[in-house]
Structure formats: C-alpha cells, structure tokens
Number of protein chains: 2
Amino acid sequence: MLEAKLAEASILKKLLDAIKELVNDANFECNEEGINLQAMDNSHVALVAVKLQQTGFRKYRCDRPMPLGVNIASLTKVLKCAKDDDLCTLKAADEADVLNLVYEAKNSDRIAEYDLKLMDIDSDQLAIPDTEYDAYIKFPANEFSRIVRDLASLGESVRIDVSKEGVRFASDGEAANGSVLLKGQGPITGVTNRPKSSEEEDEDAEGSGVKKEDAAGAKEKPKVEEISEDDEEDEKPKVKKEKKTKVKKEKADGDVDMDGEDDEKEYEDEGEEEVDNEDSDEEGDGKKRKKKESSSGKSPKKPRTVNGQAKGKGKGKSKEDDGEDSEILIQMNSHVSLTFSLKYLVNFSKSASLTNKVELYMSNDVPLLVSYDFGPGYIRYYLAPKIGDD
Amino acid sequence: MLEAKLAEASILKKLLDAIKELVNDANFECNEEGINLQAMDNSHVALVAVKLQQTGFRKYRCDRPMPLGVNIASLTKVLKCAKDDDLCTLKAADEADVLNLVYEAKNSDRIAEYDLKLMDIDSDQLAIPDTEYDAYIKFPANEFSRIVRDLASLGESVRIDVSKEGVRFASDGEAANGSVLLKGQGPITGVTNRPKSSEEEDEDAEGSGVKKEDAAGAKEKPKVEEISEDDEEDEKPKVKKEKKTKVKKEKADGDVDMDGEDDEKEYEDEGEEEVDNEDSDEEGDGKKRKKKESSSGKSPKKPRTVNGQAKGKGKGKSKEDDGEDSEILIQMNSHVSLTFSLKYLVNFSKSASLTNKVELYMSNDVPLLVSYDFGPGYIRYYLAPKIGDD
DNA sequence: CATACGGACT
DNA sequence: AGTCCGTATG
C-alpha cells in the first residue's frame, strides 16, 4: 500500500496546474523511491516527467510498486478542495481502485478526505534518450516565462541560439519581430551540469543507500532518466566535456556584481558554495574571489554545484536561493541553435509557480529539456525542435 | 534618423494604454522637438494629441522630420514585451519601414529588441482651434476618473457646470440621477491657465524660480484674447499661487478644429522665444525650431506649476506630491455649462496612470479639452459637447 | 462548448 | 495585488 504525506498541498496543486493542460490521464507510478509520472502531451509532441522523491515527503511508505491511473482533471478538482498549507496525504491500498486524499489543516482542526476514482491507463512510457547536452542555461523561471509569453504574442515559434554572446530567443511575427538576449553573469564555460537522475537526487540529498538498480553507476554516469523499456542506449548523458573551456573566465559567476550595488554579502569563503559548477575554476587569476571550488573540473564526480543543494533535500538553504534569483548561468560547449513551438514553452513555463529557477538543456537536433527542480522533486519537459525553418 | 531613449518604458506603455481604445493607427510625427501624435478617435468624435518633448528623453536625436505610421495595437503588443523599468530606445532609419525598439534591463543582463512594421497613414491632421477658455479646473486625476466612472454607471452623458459654486458633474439615468460637486480650494478666480505648449513647458520647468508672480494686473480677467506670442516674455503661465490669481494668457496651444474647419494660425515663433509646438504637423515640419532653451533643461521633470506650492492646503496626505494631489483649482470667467458623452470621458480618464493631475478647459459650445501633463510630455483630449440636451 | 489568457476594475 | 469579466483559441 501507499501512504505519502506531503507537507504542503500547494505543491501538488501547482504541479497539477502545471501539467493539466498537457496531459489528460496519467499513471502515478509509486515505488519505494517516490512517485513518478511520465506522459506525452495530448498531441504527442512534448513529454513531461515528474518526480516526487520519497525524501520529499513528510512521511512516505510504498510497499510495492503500484501504478495509479488518474484523470488529471479529476485530481485537479479534488486538489482544489485543499487549502494551500494543508498537510496532504495520499493513500492507496494494493489493487485499490481509488486514491484517498486526506487534507489536514495545520492546526488540525479540520480534516477533509476525498476518494478519487482510479483508472487503468496503458503506460506507454516513452524512452527518454540519454543525451549529452551542449548548452545549459539556468536562470530565473519568471524570466523564462516572460520571454516566451512575450515572444508568443508576436509569433508561433522561437529560435534559441546559445553562443558566446549569451542566449538569444528570437521570434518573427506578422506585425513585429522580436529577440531577447540574456547575457548571463560571468564567463560562459563548458557545460558541467546535466539532469540528474532521481537516484542521484536521493543520494545528493542524504546519500542513503536506498537506491535501487543502477545505484552505483548513477552518479558517475549521468543518466537522464530511468526509462523503462528500451533504455538500452547506454550512453550516459554525461555532458560533453570536450570543448568545455571558454576563453574568458575569471571569476565565478557568483562574483559578478551586476547592479553595482555593493554586495556586502561577500562570499564567505567557506560554507556555502554558491555557484560553482564551473569546472574550470582553475584560472585563479587573482580575482577577488577566493576559490571555493576545489573539485577537479573534468569529471565532476558529483556535479554538486549549487544546484544540487538547492534542490536537494538539504533544504537548509532554500531561502538563500533568492540571492541567486537574478543570476543567469550559461554554459556551452558549442554553438546551439534550435527552433521550438512557443505554445509549448509557454505551457511549460507555468511550472514557474513551483520554483524560481528554470534550467534549459540543449543540443542541436535533440529535444530541449526544460527542468524545474523544486523542493520535493522536479518536473521536466522535453520538446522536439522544429526542423526546417518554419 | 531617429533615436530616442526613454528612461522608463512604462511611460510609453501607459501612453499606449491610454489611447489604444481610441485610435487604431496613427503617425508618430518625429522632429527635432520631440514626437507628436494626433488622431481622431475611430468614430471621429474625439481628438487625442500627444506630445513627447525632446527634453523628456534620456537621449534624443532626430535629424529630419519623419512620420512613423504605426498600428497602435501592434505597438501595444510590442510594448508589453518591455518591463516597466526598462530603458526604452526607439530607432528608425530615414525611410525605414520598421520602428526598432530596444529594451534594456536596468542591470543590463537582458536586452530585448523588437522591430515593428510601419505603415503609411494618411495624416489628416485636424487643426485644433485656438480657443479661449472660460473655465479651467485642475484637480486629482483619480478624482476625475472616479466621477466619470460613477456617473457613467447611471447615465450616458454628463453635464458639467462651472459656476461660482464650483464644478458640478451631473448625470441623469434610468434608475437614478447623480451629481458631484467639486468646490475647489480658495476663491474662484478668473482663468489664468491655458494649455501650454511644450516649449512653454520646458520653460516652466526650468524657469520656475524665475516666475514673477502675477505680473500683470490682469489677473482678474483672464483674457483670453491675447494670443500673442509674447507669452514667453514674462512668466510662463503660471497659475496663481496662493489664492492670488495670475493671469496669463495667450494662445492656446493647439488649434483644433474638430469640425474640420481649418484655421491655421501660424504661430511663428518670434526669434527668440519659442512657443510653438503646434501639433499641426503639416506646418510643423516647416517650422523647425531650435531649442534655445535647453540650458537648464537638464531636469525635465514635471513642470510643477506654482500651484502646487501655492496652495497650502492642509491636506496632509500621503506622499509629498500628494500634498498637491488633493487640491482642486477652479478658475472661471463666466458660467459654463456643457454636456458630454461619458463614454469618452471614461476613456480619457485612463490617462490618470500617467500623472496625478488632470486639467479641464471649457467654454460654452466649444470642445472640452482634457489635459494630462506628465514628465516627458502631455496627452490632451478634445471632445465636442453634445448639443441640445439629449 | 469549454478552457485559458489577457485586460479592466476594485 | 487580487478578482472578475470578456475575448480568443482549441
């Protein structure tokens, strides 16, 4: 049986808001690691993958793997009956045909309980190719929302170019053409980030040995996702580190002070690694920053980077993230230029309500990965590029 | 070519919001003085005239007069892509068929650029008759918004009466009749205000200290007649300070001719003083005046008229400006009673987002002038009165 | 016909 | 800033 207690019903509410337009029905695949959902959008153009890690729950128990087929619209309705800060417990008996949701007000003077009917859904889980990405951008989620919404008002599609200049989003429309350039802070370095698999997340979080299958290898080889069926393509998506280095690099991006405002919060040299992740810190050209980054760049054993901490269980610092909110981190191995349908990107950008950062992973001719990591898990979208130049 | 940098994109956004429902397409007439737009509303009942003075820009360059025909809806779309506090630069090459808009985030980590397609628009600029107004009211813009919205919910039109009693806005409706009386602070004096031309505005801005108070004794009787060019010589139309009246009057700035009559009155600026600023573009081109006044113009802030300070009302309202916000200044030469369509007034009142004061200029049987002066320019609406008492 | 997005008003 | 209404899209 399943019993999973989430500290905030709002997390589920936002999650459902984020996918309800994309997906009609989907299986919540529950196992001891947590809950996964994977589905193609209605037109089979985009893929959405959600993970709620076991560690993200206040309490989590799942004796055996079980797929819970739910109608997303129905679940959305039921979730609307929860207050944002209610404790939310999902329960399902083995072989149950209903999912039981219990909402407890924080002060526990109110308990609401709903039973959502389940359905059998063919889980045609699509395999997510394990990809090496040539470009990685992490920036404020609302910035992304803004850009795609703005451009969507002009045209149908957007071309995203990642170059040394930065990231450019450009769209041509009837009445006007538009382009937005994000410059990023600091030098553009090679890609050192990659989507972490759920196991990695777990490990990052607590290093618990709970992981299953490829536990061991997981960290080393970045696998994108656990695909069910045919993930025989074993090339792990480790990012290409080949051309990683960019010429100019001096300070880590954390040091940059865009606004010119004096940051009194100077980086404490220890404790907090704020941003790192750039493998190439070797420069040490006497910039004011102290080296915090000691890892050897080439093979990030554990690409720990702030990312990890931020999202990970080490919740300790969720707030500090804000300090990072306005940062734009761009990593690139080679020039990438892809065109996507704005309609989908606008849809994806709804997930901004879950977290304040979004990560884009791109390589030419490969689906774009848009990833939002939030406290208890992540939601990732894959969208194939348009071909030709329509 | 044109290159005009505005410190806040929000100014343009608000301006467009203010006119987009009234106008579909319009020419932005750019010349070395600044940018003018003049258009009839879609039903040819109201006229809107906008001026953005060259001094209102962070940077301004316009080598030769050029009309930029834009579709207001398209420009509105493009402007929505700007953040309110973005620096906004308008650029157009000579004979260009696109208007280029560049938005720079204050911290410059984001640069967005849009090209808006231009169109050829027949500029049937209507002449705005030079009018002597018998009544002038300056009061909080949101007060005006409130009054017209309230009355619009009752009836179709409003009768505005200016008498010694104050200004009364009255509307009769099916279910109820309503009337709002504004009393104004201080005694009601003769009209000393008139719509100022942009040059005058400039002067006010800087010469403010310079004004001599009620220069002439004419104060009591605003004469409407002297339209001379001499306006600049003495003080700018300063309004009376304290209760005293100032009288200044000269020509109104534009000549509108709602009816289509054209009386072009040319105001040549006499060599020294500038006063012109007619919206009438046709001639506008011909008269290119150079700004002589530029000197102290560096702070083109809102030309605060003396009024503000003068009135010592004990308003202790909130912000500093508010001190003036609640002031109601009424000047009148003779009783004025006019009826207008509320629908239009409600529309005009949207400009309240641009500034916190509105000025009404009225004379019997003549179009009402509703003027909003904001930092870099002004927006004025002319609306013919209803006749009979429908 | 229903859903979602954008704009307006309080 | 939030809510509601209207418009547009699927």
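Proteins get letters first, then strands, A, B, ... in listed order; numbering begins at 1 in each.
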Check your understanding: Where do A/K117 and A/D115 land on the salt bridge (charged side-chain N to carboxylate O under 4.0 Å, His left out) test, with the steps shown first?
Key -> CA-CA 6 Å; A/K117 292 184 179 57; A/D115 283 319; over 6 Å; no

Give each protein N/O atom lying under 3.5 Å from an N/O atom of nucleotides 5-10 of chain D, with the pair distance.
none

Heteroatom pairs (N/O) under 3.5 angstrom, protein to nucleotides 4-10 of chain C:
| residue | atom | partner | partner atom | Å |
| --- | --- | --- | --- | --- |
| C/dA4 | O3' | A/E21 | OE1 | 3.3 |
| C/dA4 | O3' | A/E21 | OE2 | 3.2 |
| C/dG7 | OP1 | B/K80 | NZ | 3.2 |
| C/dA8 | OP1 | B/E21 | OE2 | 3.4 |
| C/dT10 | OP2 | B/R149 | NH1 | 2.7 |

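If you run salt bridge (Lys or Arg N to Asp or Glu O under 4.0 Å) between A/D17 and each of A/K14, A/K13, A/K20, only A/K20 comes through.
A pairwise comparison of heavy atoms in B/L342 and B/V148 identifies CD2-O, 3.8 Å as the closest pair. Heavy atoms only, all atoms of each residue included: A/S171 and A/S157 are closest at OG-O, 2.9 Å. B/I328 and B/P140 make their closest contact through CG1-CD, 4.2 Å (heavy atoms, listed as atom of the first residue, atom of the second, distance).
Relative ring orientation between B/F169 and B/F139 is described as tilted, the plane-to-plane angle lying within the 30° to 60° band. Between B/Y103 and B/Y114, the ring-plane angle classifies as tilted under the 30° and 60° cut-offs.
Rounded to an integer number of Å, the gap from A/N24 CG to C/dA2 P is 16 Å.
Within the 3.5 Å criterion, the main-chain N or O of B/K138 finds no donor-acceptor partner in the side chain of B/K357.
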